[in-house]
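Have a look at the structure below before the remarks.
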Amino acid sequence: MLHVRLLFLLIASFKVAAILDDSAFFSMLDRLKPSFWRAKGYREMDDHISGEEDEGIDWDTEDELEIQNTVTSSCSTLVTRNAEAIISKEESSSSAGPSNSNLVQHFLGMGFSNKLVTKAIKENVEGDTESILETLLTLSALDNSPEEQSSCDLNSHQKQQCVDDDEFSSDYDESFLVDFSESDSWSDDEITENGDSHPTILCLASMGYTMEEAMAATERCGPDASIEELTDIIYAAQMAKTDAIFFEEEKPKNSCVMNRKQKRKMFELEAWKKKKQKGPVTDADEVIRLPNPMIGYGVPSESSVITHRTLPDAAIGPPFFYYENVALAPKGVWETISRFLYDIEPEFVDSKYFCAAARKRGYVHNLPINNRFPILPLPPRTINDALPLTKKWWPPWDKRTKLNCLQTVYGSARLTDRIRKALEKWGDDPPLHVQKFVIEQCRKWNLVWVGKNKVATLEPDEVETLLGFPRNHTRGGGISRTDRYKSLGNSFQVDTVAYHLSVLKDVFPNGINVLSLFSGIGGAEVALDRLRIPLKNVVSVEISEVNRDIVRSWWEQTKQKGNLIHLSDIQHVNGDTLERYIVSFGGFDLVVGGSPCNNLTGGNRVSRDGLEGEHSALFYDYFRILDLVKCIMSRQN
DNA sequence: TGAAAGATGAATAGGTTA
DNA sequence: TAACCTATTCATCTTTCA
């Protein structure tokens with residue numbers, strides 16, 4: 001078996017891209033973003049479960065069992081050793097001459113040691129970066145030749161002794177997910193008798209995944225699965241790990257597995273080379289632009305409608321899924337979301353084409369897009385039609401016909417009082433600067449005219465109506481006015497979502513099984529109900545007790561015939577949970593949800609951190625669960 | 001103690017103009 | 001084409017008040 005492992009060492013020593021399809025390779029590696037691995041520690045399972053949820057569930061999933069029996073591969077030690085060199089402060093003081101300092105720093109930043117960089121530069125006097133890079137790769141391979149791996153290869157016992165030192169661990173903040181496995185029981189039996197292994201497994205191993213990971217993923221997805229699919233599965237399994245694993249991560253590492261940082265380094269290295277070869281990234285390559293007008297594949301009120309699109313192969317097949325978030329997210333966010341959700345192009349739609357309030361959102365889904373229909377009657381699409389009592393008092397110099405986005409916070413009574421007093425000074429024709437001030441405040445806080453010189457904030461029930469919910473949907477049950485605004489502000493615009501989901505009515509005439517993630521106040525459930533699509537089984541995952549109560553109350557008041565199951569924390573939803581429901585229901589027909597936008601929205605002045613943000617990172621749980629559902633369901637079919 | 005009010009800009013896109 | 005202007009944004013934190 002030794003020669004097989006030597007092969008791994010060689011593979012890891014050279015460009016992985018050479019043995020992979022470029023797009024698959026970069027797609028896979030690009031997913032390994034820092035935020036991806038910076039998920040918060042998982043807490044104990046304490047999901048609140050109602051309905052038919054059973055007690056005494058065995059939370060150890062088959063997936064986890066597979067993972068927990070995984071082992072570490074010695075092949076990735078190569079990169080580990082390089083990475084150790086990266087963070088050596090002593091080494092970081094370059095000995096190269098001043099003229100090369102930028103070059104040295106550049107390669108140091110890639111993760112090569114100062115020693116190797118200096119040597120490579122000396123060997124390439126012309127200073128050609130491409131040549132230096134090639135030399136560095138070669139030197140890295142030699143520097144990590146099998147002879148130098150004495151403490152880290154050959155058998156599992158010895159591998160245990162290959163411990164990442166403190167310096168290494170401290171530098172790699174993503175490393176808490178490094179150990180996919182806790183045991184280290186890789187036996188040579190897991191390589192085929194003749195010493196060969198499936199090429200895909202070799203590729204995965206060369207990327208730093210353990211052989212067990214690679215084999216488990218291959219087993220689950222079949223031998224013909226793409227590298228991208230396999231890495232997705234491995235990731236999903238990783239994310240399904242419980243906190244016990246994370247606590248283990250705080251201990252000194254006994255693994256030689258290439259960690260996320262190292263994988264990222266590899267990606268950066270390859271990406272830099274690719275960039276050099278192709279030149280600067282162009283808009284056409286990567287940037288997702290918002291459409292103008294923002295009508296997606298079409299809205300009821302517009303004549304130009306796209307009725308056909310081609311989905312990526314990985315996106316085809318059950319379940320249907322529907323993901324939502326704010327359109328105006330920081331740059332790169334939608335590219336990442338799209339990349340994770342099977343490279344489906346987002347559909348950006350402004351709900352101002354459905355109702356009287358703007359709501360610019362992006363939707364990634366694999367639903368059909370032909371034969372959509374809206375909920376009837378169509379909701380009013382102007383402020384005056386939606387709020388007819390305001391028409392009488394609307395001054396001619398306020399040209400608004402649409403409200404801006406319905407937010408989670410609203411203007412105060414004191415503000416509207418100040419506006420009234422400012423206007424009363426001037427009679428019917430306030431000067432332009434006063435008009436400008438008033439209009440600015442009205443736009444900012446969505447104020448409407450309710451009397452002479454009187455503006456007012458929207459009432460919660462008016463917000464409910466504008467968003468397509470039943471009046472008083474969020475009222476009562478102990479919820480404050482402030483929390484009503486907050487829950488509503490975080491919700492779907494029902495008519496918009498229903499228009500997209502309407503295609504499911506013919507597909508599931510007898511009802512639908514729904515996995516609703518980040519349910520909130522039940523926008524998806526209300527949309528399906530308003531479409532008259534029977535809700536057979538709904539597993540609703542929502543962290544807020546107040547919101548869960550709202551949905552439960554709606555469920556009872558609308559006399560739903562199906563089953564509603566509530567789970568609280570999406571981070572506790574694992575493969576076993578999902579498999580139980582899938583077996584019980586015969587599968588989920590729709591996975592729907594919009595993950596938190598807190599760290600994406602422009603209104604957040606404190607922590608607009610993108611998908612790395614504390615809340616918005618939960619997008620990866622949406623992907624994790626969706627991918628698990630797809631995998632479990634495909635395994636059952 | 002909980003609810004409401006007030007203070008806190010930047011990122012981004014689109015339009016206009018020189 | 002670049003510079004400038006305008007408009008928009010599923011928010012967070014601290015203070016005030018009843």
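First the proteins, then the strands, lettered A, B, ... as listed; each starts at 1.
Among residues two or more places apart in sequence or in another chain, the ring-ring contact (aromatic ring centres under 6.0 Å, His included) test is passed with A/W397 by A/W449. Looking at residues two or more places apart in sequence or on another chain, you find a ring-ring contact (aromatic ring centres under 6.0 Å, His included) between A/Y485 and A/Y410. Not a single ring-ring contact (aromatic ring centres under 6.0 Å, His included) links A/F508 to another residue, sequence neighbours left out. Evaluation of the ring-ring contact (aromatic ring centres under 6.0 Å, His included) rule for A/Y499 yields A/F354 as partners, not counting sequence neighbours. With sequence neighbours left out, the salt bridge (charged side-chain N to carboxylate O under 4.0 Å, His left out) criterion links A/D398 to A/R400. Partners of A/D417 by salt bridge (charged side-chain N to carboxylate O under 4.0 Å, His left out), not counting sequence neighbours, listed by chain and number: A/R420, A/K421.
Comparing B/dG14 with C/dC10, their C1' atoms are spaced 22 Å from each other, to the whole Å. Taking atom P in both C/dT8 and B/dT8, one finds a spacing of 22 Å when rounded to whole Å.
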(request) Would you mind building the protein contact string for nucleotides 6-13 of chain B? One character per nucleotide, 5' to 3', B for base within reach (heavy atoms under 4.0 Å), S for sugar-phosphate only, - for untouched. (result) S-BBBSSS
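The list of ring pair (Phe, Tyr, Trp, His ring centres under 6.0 Å) pairs with a residue in residues 416-438 of chain A, not counting sequence neighbours, is empty. Every pair passing salt bridge (charged side-chain N to carboxylate O under 4.0 Å, His left out) that includes a residue from residues 450-469 of chain A is listed here, sequence neighbours excluded: A/D428-A/K452, A/E459-A/R481, A/D461-A/R471, A/E464-A/R484. For residues 358-381 of chain A, every residue pair satisfying the salt bridge (charged side-chain N to carboxylate O under 4.0 Å, His left out) rule, not counting sequence neighbours, is listed here: A/E324-A/R361, A/E347-A/R372, A/D350-A/K360.
Closest approach to the A/C597 side chain among C/dT9, B/dA4, C/dC10 is made by C/dC10 (side chain taken as heavy atoms from C-beta onward).
Looking at residues 394-406 of chain A, you'll see that no heavy atom sits under 4.0 Å from any atom of DNA chain B.
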(message) For Watson-Crick and G-U wobble pairs within 3.5 Å on both distances, what is DNA chain C written in dot-bracket notation, | included for inter-strand pairing?
(response) |||||||||.||||||||
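Counting heavy atoms from C-beta on, the side chains of A/L564 and A/S540 come closer than 4.5 Å.
No contact: A/E440 has no heavy atom under 4.0 Å from any strand.
Distance CG (A/N598) to P (C/dT9): 17 Å, rounded to an integer number of Å.
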